[in-house]
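Below is one structure, written out as structure tokens; the observations come after it.
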Amino acid sequence: MPAFTLYGSRGSTNTDRVRLTLAEGGFTDYEFVLLNLQKGEQKSEEHMKRHPWGKIPAVTFPEGFALYESRAICKYLSRKYSFPLLPPASDLEAAALFDQAQSAEMLYFAEPAGRIGFEKFAKKFMGLPPDDAVVSDALQAVDMFFDVADRLLQHNDYMAGNDFTLADIYYIPLIQRLFACGYGDVILSRKSVSAWWDRCVNRPAIQNMLAADNEAAAAARK
């Protein structure tokens with residue numbers, strides 16, 4: 001029996017946060033159940049018991065424990081299986097800097113980047129045109145965020161200090177989505193941000209997962 005079941009979808013940035021965490025932790029003893037979002041399977045009565053807002057991802061354990069929200073899942077799994085992706089709780093300053101970095105990612109990056117992804121990526125599959133005013137406003141916010149991040153990354157290798165942590169993993173799916181939407185320049189045009197991005201995505205476990213996903217997507221299009 002697998003250690004737990006992850007419910008999500010390939011291409012879901014929230015699901016991919018969890019999958020990247022598991023890849024970086026070298027953990028494979030789990031079942032990945034794909035939900036068809038276009039068919040609304042995330043809103044099924046069964047799944048609403050796992051996630052009361054009918055979203056993904058969610059995880060369930062054989063003993064009955066269940067958890068939803070990608071960042072909460074990533075932190076729980078990292079602690080439960082001792083992935084080296086969190087500062088030790090005994091280092092109060094490092095733990096505080098991690099919490100600070102996580103908060104900045106959620107409030108100042110993920111919200112506007114998510115709006116861009118929805119308008120330019122998700123709406124395409126819904127047969128709807130993007131709202132260019134929303135995209136423009138969100139892109140301005142993302143630009144402002146990375147202007148600040150570029151200055152901070154002149155002094156640190158990673159978002160929460162000099163160690164790679166979950167705070168860096170959290171960015172990867174939405175930055176991948178920005179590249180897919182044609183906005184990779186927000187990363188590549190900033191020297192320190194671009195160097196940080198290279199350090200993140202060139203990690204072997206992350207490279208392997210992203211390459212496997214690209215192969216699966218290419219096969220699905222045939």
Side-chain angles (χ1 to χ4, degrees), residues 8-20 34-43 51 53-57 68-71 74 100-154 159 166-201 206 209-211 213-222:
S9 175
R10 293 191 190 278
S12 154
T13 55
N14 293 324
T15 303
D16 283 349
R17 277 193 201 96
V18 179
R19 295 179 62 232
L20 286 164
L34 295 172
L35 298 183
N36 190 319
L37 305 188
Q38 291 180 313
K39 291 183 177 179
E41 290 180 355
Q42 74 277 20
K43 301 294 186 183
H51 196 310
W53 282 274
K55 305 286 187 179
I56 54 172
Y68 55 87
E69 292 303 306
S70 63
R71 294 171 186 80
C74 291
Q100 175 180 265
Q102 176 180 256
S103 180
E105 181 270 333
M106 290 178 63
L107 295 174
Y108 311 140
F109 169 74
E111 193 278 327
R115 278 189 281 143
I116 294 171
F118 178 74
E119 293 294 332
K120 300 291 285 188
F121 190 86
K123 276 190 172 182
K124 186 183 297 183
F125 294 94
M126 299 163 66
L128 299 172
D131 185 325
D132 291 335
V134 171
V135 173
S136 178
D137 179 68
L139 189 58
Q140 184 178 14
V142 169
D143 267 322
M144 291 174 62
F145 172 81
F146 280 120
D147 281 343
V148 176
D150 199 55
R151 294 196 297 272
L152 296 176
L153 287 166
Q154 292 175 19
M159 289 295 184
L166 289 179
D168 303 289
I169 285 178
Y170 293 161
Y171 284 90
I172 294 174
L174 276 173
I175 291 180
Q176 290 279 101
R177 186 59 47 83
L178 290 176
F179 273 97
C181 293
Y183 298 115
D185 191 56
V186 299
I187 302 298
L188 301 180
S189 65
R190 294 171 170 87
K191 183 179 178 180
S192 297
V193 169
S194 182
W196 161 78
W197 177 243
D198 284 344
R199 286 191 291 272
C200 291
V201 295
I206 290 172
M209 194 196 106
L210 296 178
D213 279 1
N214 288 337
E215 289 178 8
R221 289 193 293 267
K222 291 182 179 180

Check salt bridge (Lys or Arg N to Asp or Glu O under 4.0 Å) between [X] and all other residues, then give those that pass, not counting sequence neighbours.
X	answer
R151	none
D185	none
D16	R19

- Single hit among R17, H51, K55 for side chain to side chain donor-acceptor pair (under 3.5 Å) with E69: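 The residue from R17, H51, K55 that satisfies side chain to side chain donor-acceptor pair (under 3.5 Å) with E69 turns out to be H51.
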- Query: Within a reach of under 6.0 Å around NZ of K43, are more than 12 heavy atoms found that belong to other residues, nucleotides or ligands?
  - Reply: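 Buried by this count: over 12 neighbours within 6.0 Å.
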- Message: To the nearest 0.5 Å, what is the distance between CG on D147 and CG on L152?
- Response: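 Reported value, rounded in 0.5 Å steps: 11.0 Å.
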- Between atom CD1 of I56 and atom OG of S12, what is the distance when rounded to the nearest 0.5 Å?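 The OG atom of S12 is 3.5 Å from CD1 of I56, to the nearest 0.5 Å.
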- Does N14 use its side chain to pair, donor to acceptor, with the backbone of P57 at less than 3.5 Å?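 Checking the backbone N and O of P57 against the side chain of N14, no donor-acceptor pair under 3.5 Å is found.
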- Any idea which heavy atoms bring I206 and C200 closest together, and the distance?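 Here I206 and C200 meet closest at CD1-O, 3.6 Å.
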- Looking at S70 and V18, what are the two nearest heavy atoms and their distance?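 Nearest pair, atom of S70 first, then V18: O-CG2, 4.0 Å.
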With sequence neighbours excluded, what pairs up with [X] under the side-chain hydrogen bond (donor to acceptor under 3.5 Å, both in side chains) test?
X	answer
D143	R190
Q42	none
S9	none

- Query: Heavy atoms, side chains only, cut-off 4.5 Å: are V186 and F145 in contact?
  - Reply: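 V186 does not reach F145 side chain to side chain.
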- Could you list the residues that satisfy side-chain contact (heavy atoms from CB on, under 4.5 Å) with S192, not counting sequence neighbours?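 S192 satisfies side-chain contact (heavy atoms from CB on, under 4.5 Å) with D150, L153, Q154 once adjacent residues are dropped.
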- Query: Considering residues at least two apart in sequence or located in another chain, which fulfil the side-chain contact (heavy atoms from CB on, under 4.5 Å) criterion with L34?
  - Reply: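 Residues passing side-chain contact (heavy atoms from CB on, under 4.5 Å) with L34: R10, F32.
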Output side-chain donor-acceptor pairs under 3.5 Å for residues 125-142, partner residues at least two apart or in another chain, one line each.
unit_1, atom_1, unit_2, atom_2, d
D131, OD1, A133, N, 3.0
D131, OD1, V134, N, 3.3
D137, OD2, R115, NH1, 3.1

Would you tabulate the side-chain donor-acceptor contacts of residues 169-184 under 3.5 Å, counting partners in other chains and residues two or more places apart, or write 'none'?
unit_1, atom_1, unit_2, atom_2, d
Y170, OH, R71, O, 3.4
Y170, OH, Q102, OE1, 3.3
R177, NH2, G11, O, 2.5

- Item | All pairs passing side chain to side chain donor-acceptor pair (under 3.5 Å) where residues 120-130 contributes a residue, at least two apart |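 Every side chain to side chain donor-acceptor pair (under 3.5 Å) pair that includes a residue of residues 120-130, provided the two are not neighbours, is E119-K123.
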